[in-house]
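Read through the structure below, which is laid out as structure tokens, and then see the notes.
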Amino acid sequence: MAMTEQALNLQQTNYHSTDADQQYMSVSQFKNWLDCEARTLAEIKGDYVPPISTPLIVGTYVHAAFENQETFRSIEEQYSDMIFKKNGSKYADFETADRMIDTIKQDDFAMFAMDGEKEKIYTADLFGVPWKIKVDSINHDRKSFTDLKTTQDLYKRYWSKKYEGFTSFVEAWDYVLQMAIYREVIAKNTGEAYTPYIVAATKESPSNKAVLHFEPSRFDFELEYTEAQLEHIMNVKNEEVPPRRCEQCSYCRSTKKLTNTMEIGDLIY
Ligand SMILES: [Zn+2]
């Protein structure tokens, strides 16, 4: 997709728009490209609208709880069908979300880590591509920023092709990559290296929690990895090379036409 004449002025209202995604790379878009090029291209061209999933709304709901009352109420209203049962109580996923919110709100150290300006948008050029980021919480006095994450279990191990080994949920969901990109974009805007933290709460009952920091050397690997993938991704985004299909996501499943057989070994690769 060619860059349009004028760069969009990014705000809360258009940050997630198709226009913004066409003009900018973001961490979630980058992860989507790695996940399935065909689906991501269709999404960015406005040809495919992914279904609204409960986990997505749970994430929005939890984040809103730390923004302000007004935002939280408006999310509750907007998604009331997904959140509330007929009898007025909440569906299990949102009961869990409430437990995670309370767990963090009742912990002074977690709340201290989350203290700062909320949902701040920055843009910067990285590796010759314009990026957009939205930081959950940024504290200019402490030169730090914090992202709020929910997960099953802090100590669960995940097999990772990228890291060729077992990792924590933080690597498994590419949160180290996210922190590395955010750190670079913030540095380009402020001239300073801000320290990233993750405030994590678990879906267990009662919820577990942690404030996570990162050995800074982890970021070099992520930036090299991003740069190495970006050229091909931009070629696909600019429609200079055809997108690869993952053949597993809902977009690929709904548009799939069989032309050949599969050897069974390919099923688990
Ligand atoms: Zn796919």
Side-chain angles (χ1 to χ4, degrees), residues 1-3 14-60 79 82 93 126-127 129-134 149-152 156-181 221-269:
M1 220 139 297
M3 285 276 290
N14 65 5
Y15 182 85
H16 292 291
S17 67
T18 307
D19 273 359
D21 285 336
Q22 284 173 5
Q23 289 197 20
Y24 293 95
M25 183 58 63
S26 66
V27 170
S28 61
Q29 186 189 128
F30 182 81
K31 292 197 296 194
N32 283 341
W33 285 117
L34 295 180
D35 206 32
C36 181
E37 295 174 2
R39 185 190 69 226
T40 308
L41 186 65
E43 252 186 83
I44 280 179
K45 291 171 79 175
D47 296 340
Y48 175 72
V49 180
I52 294 174
S53 70
T54 302
L56 192 77
I57 303 309
V58 169
T60 307
Y79 299 105
M82 291 176 83
D93 288 326
L126 298 186
F127 316 117
V129 173
W131 288 73
K132 62 178 170 113
I133 65 167
K134 188 149 86 161
K149 301 293 187 196
T150 62
T151 188
Q152 276 314 322
K156 191 170 170 184
R157 286 149 56 104
Y158 299 83
W159 179 259
S160 165
K161 275 191 212 168
K162 173 180 167 184
Y163 297 97
E164 295 173 336
F166 281 103
T167 67
S168 75
F169 77 96
V170 182
E171 293 103 326
W173 269 270
D174 259 334
Y175 296 152
V176 191
L177 185 148
Q178 181 191 350
M179 297 296 113
I181 296 289
F221 168 77
E222 301 297 337
L223 294 174
E224 277 169 31
Y225 174 83
T226 305
E227 188 175 16
Q229 308 286 336
L230 205 54
E231 189 182 343
H232 171 73
I233 288 175
M234 290 312 292
N235 287 341
V236 178
K237 190 173 181 178
N238 294 328
E239 298 187 75
E240 287 152 9
V241 299
R244 282 193 287 251
R245 296 167 57 87
C246 78
E247 302 298 6
Q248 293 184 29
C249 72
S250 65
Y251 172 80
C252 287
R253 281 182 280 129
S254 68
T255 55
K256 193 173 203 168
K257 275 201 172 61
L258 297 179
T259 56
N260 210 342
T261 59
M262 273 173 96
E263 209 288 320
I264 62 160
D266 293 336
L267 292 172
I268 59 159
Y269 173 68

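Quick note: numbers below take in every heavy atom, side chains included, and nothing from hydrogens, waters or symmetry partners. Both ligands and their constituent atoms are indexed starting at 1 by order of listing.
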Keeping to distances under 2.8 Å, can you name the protein N/O/S atoms close to the Zn ion (ligand 1)?
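Correct list: Cys36 SG, Cys246 SG, Cys249 SG, Cys252 SG.
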Could you tell me how the ring of Tyr163 sits relative to the ring of Phe221: parallel (under 30°), tilted (30 to 60°) or perpendicular (over 60°)?
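It falls in the tilted class, 30° to 60°.
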Any Tyr251 side-chain heavy atom under 4.5 Å of Asp47 side chain:
no
Lys162: what forms a salt bridge (Lys or Arg N to Asp or Glu O under 4.0 Å) with it, not counting sequence neighbours?
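Partners of Lys162 by the salt bridge (Lys or Arg N to Asp or Glu O under 4.0 Å) criterion, ordered by chain and then number, come out as Asp174, Glu222.
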Looking at Gln248, I want to see if its CD is surrounded by more than 12 non-hydrogen atoms of other residues, nucleotides or ligands under 6.0 Å.
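Count not over threshold, so no.
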Quick check on Gln229: does its CD atom have over 12 non-hydrogen neighbours (other residues, nucleotides or ligands) under 6.0 Å away?
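Check passes, neighbour count above 12.
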Would a line drawn from the ring center of Trp159 to the ring center of Phe166 be shorter than 6.0 Å?
yes
